[in-house]
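First listed ligand is number 1; within each ligand, the first listed atom is number 1.
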Amino acid sequence: MQIDLSGRTALVTGSTSGIGYAIASTLAGAGATVVVNGRSPASVDAAVERLLAERPRASVRGVDADVTQSDGVDRMLEAVPAVDILVNNLGIFGAKPALEITDDDWQRYFDTNVLSAVRLIRSYLPGMIEAGWGRVIDIASDSAVVIPAEMIHYGVSKTALLAVSRGFAKAAAGTGVTVNSVIAGPTHTGGVEDFVYELVDRELPWNEAQREFMRLHRPQSLLQRLIEPEEIANMVAYLASPLASATTGGALRVDGGYVDSILP
Ligand SMILES: NC(=O)c1ccc[n+]([C@@H]2O[C@H](COP(=O)([O-])OP(=O)(O)OC[C@H]3O[C@@H](n4cnc5c(N)ncnc54)[C@H](OP(=O)(O)O)[C@@H]3O)[C@@H](O)[C@H]2O)c1
C-alpha cells in the first residue's frame, strides 16, 4: 500500500512536539502540505525548522495560535481558511485526586480537549463537505475508555471527544468526508522519561527502565513498552489517506492492547 497525500493540506493542532510533531512529520513525508501549530512563534519556528531539516522536500508552514481560544481559532482560520485533513491532536493531561478537581479545572479540560476540537471541526468541515473529500481525526486516549482514578477530568474529556467524532461523522454521512478518533495509549513523549525514572531504578538503561515501568505501573499493556509517537502517526496517516475511505465514525486503537477489550 502506498500512502499518498500529495495535493492535500493538513492541519495538526499542538504539533511543535510530542505526538503532534510525529503526525505532522509523517503526513509531510506522505506528501501533504502540513500546517504546524503551537502557541508561540518561537516554538512553531523551531518545529518547522526541525521538520525541514528531517525532510528537506517537505511542504510545511507554521501558524502560532492558541486554538483553545475562539480568537486563536479566528487567527488560524485567517491564516489557513481551508484544509483537507484536520488532526485535532492538542490535549492537556495531569493527575489530580477526583475530589480536588475544581470547576475551573473541569472547565479548562473541557475547553482545551473538547471545545477546541469542536470549533475547528465546525470551521473546516463545511469546506470538506463542499469539496466532497476530507478527513477529521481526533486524538483520544485509553483514558477515554479506562477512566483513570487520578485524572477523571482528563478521561471524561477524552470520552466526550470520542462522542464528538462519532457525532460529526454522522453530520458528514455520505459526503466523502470521514471523521474518526484514534485511541492512543501510553506514549514515549517529552518528559515521560523523567517520569519513568521517578518510578523505577535510575541505573537501568532506557529500554529496561520502560519495560520495568510498564510491568509495575501499566500491567494491562500487551505491548509492555511505551508506544513511540511515530506508531500513532502511522495510524493517522492511514486514516488521512484515500485508502481509509470506508472507515468513518470509528475509534481506532493504537494503545498497545492497553484497553482490555476485544472490540475496538
Ligand atoms: N503522551 C501520551 O502518553 C498520550 C497518551 C494518550 C493520548 N495522548 C493524547 O495525545 C495528544 C498529544 O499528546 P502529547 O503527549 O504529544 O502532548 P504534549 O507533548 O504535551 O504536546 C504539546 C504540544 O501541544 C501544543 N499546545 C499545548 N497547548 C496548546 C494550545 N493551547 N494551542 C496550540 N498548541 C498547544 C504544544 O505547543 P507549544 O508548547 O508550542 O504551544 C506542543 O506542540 C493529546 O491529545 C493527548 O491527550 C497522549
Side-chain angles (χ1 to χ4, degrees), residues 11-26 34-51 62-76 79-80 87-95 108-117 119-120 137-148 151 153-162 164-165 181-196 210 213-214 217-218 220-221 223 225-233 235-236 251-256 258-259:
L11 164 61
V12 185
T13 64
S15 50
T16 61
S17 62
I19 294 169
Y21 178 83
I23 294 171
S25 175
T26 302
V34 172
V35 179
V36 167
N37 161 248
R39 288 160 296 185
S40 76
S43 64
V44 170
D45 289 350
V48 169
E49 208 174 300
R50 177 181 163 201
L51 208 157
V63 176
D64 59 287
D66 182 346
V67 294
T68 64
Q69 308 294 318
S70 60
D71 55 355
V73 172
D74 292 345
R75 191 175 150 79
M76 178 58 79
V80 185
V87 183
N88 285 309
N89 163 76
L90 170 63
I92 51 169
F93 46 96
R108 192 162 58 89
Y109 272 74
F110 183 80
D111 287 347
T112 308
N113 292 358
V114 186
L115 196 53
S116 69
R119 281 203 191 100
L120 287 168
I137 298 150
D138 298 316
I139 306 302
S141 161
D142 54 82
S143 300
V145 189
V146 184
I147 302 291
M151 45 181 183
H153 51 341
Y154 174 64
V156 168
S157 72
K158 290 294 184 180
T159 314
L161 191 60
L162 296 184
V164 165
S165 299
S181 47
V182 170
I183 297 184
T187 304
H188 183 193
T189 51
V192 163
E193 290 192 21
D194 295 340
F195 176 66
V196 165
Q210 62 162 314
F213 165 77
M214 297 302 285
H217 300 283
R218 300 287 187 274
Q220 315 90 300
S221 166
L223 201 60
R225 63 164 172 79
L226 290 165
I227 296 160
E228 292 301 321
E230 293 72 22
E231 295 179 297
I232 293 165
M235 174 66 89
V236 174
L252 288 294
R253 286 165 53 185
V254 189
D255 68 342
Y258 188 86
V259 176

Task: Neighbouring protein residues of ligand 1 - any heavy atom closer than 4.0 Å - done: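 For ligand 1, the residues that come within the 4.0 Å heavy-atom cutoff are Gly14, Ser15, Thr16, Ser17, Gly18, Ile19, Asn37, Gly38, Arg39, Ser43, Ala65, Asp66, Val67, Thr68, Asn89, Leu90, Gly91, Phe93, Ile139, Ala140, Ser141, Tyr154, Lys158, Ala184, Gly185, Pro186, Thr187, Thr189.
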- [ ] Please work out which of the three classes, parallel, tilted or perpendicular, describes the rings of Tyr154 and Tyr109, given edges at 30° and 60°.
- [x]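 Perpendicular.
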Given [X], which partner from the list [options] fulfils the side-chain contact (heavy atoms from CB on, under 4.5 Å) test?
X	options	result
Asn89	Ile139, Val182, Val236	Ile139
Asp64	Val44, Thr16, Asn37, Val36	Val44
Leu226	Arg218, Glu231, Gln210	Gln210

Task: ring pair (Phe, Tyr, Trp, His ring centres under 6.0 Å) against Phe110, all qualifying residues, sequence neighbours excluded - done: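 Phe110 satisfies ring pair (Phe, Tyr, Trp, His ring centres under 6.0 Å) with no other residue.
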TODO: Rounded to the nearest 0.5 Å, what's the gap from OG1 on Thr26 to CD on Glu230? Could you check?
DONE: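 The CD atom of Glu230 is 6.5 Å from OG1 of Thr26, to the nearest 0.5 Å.
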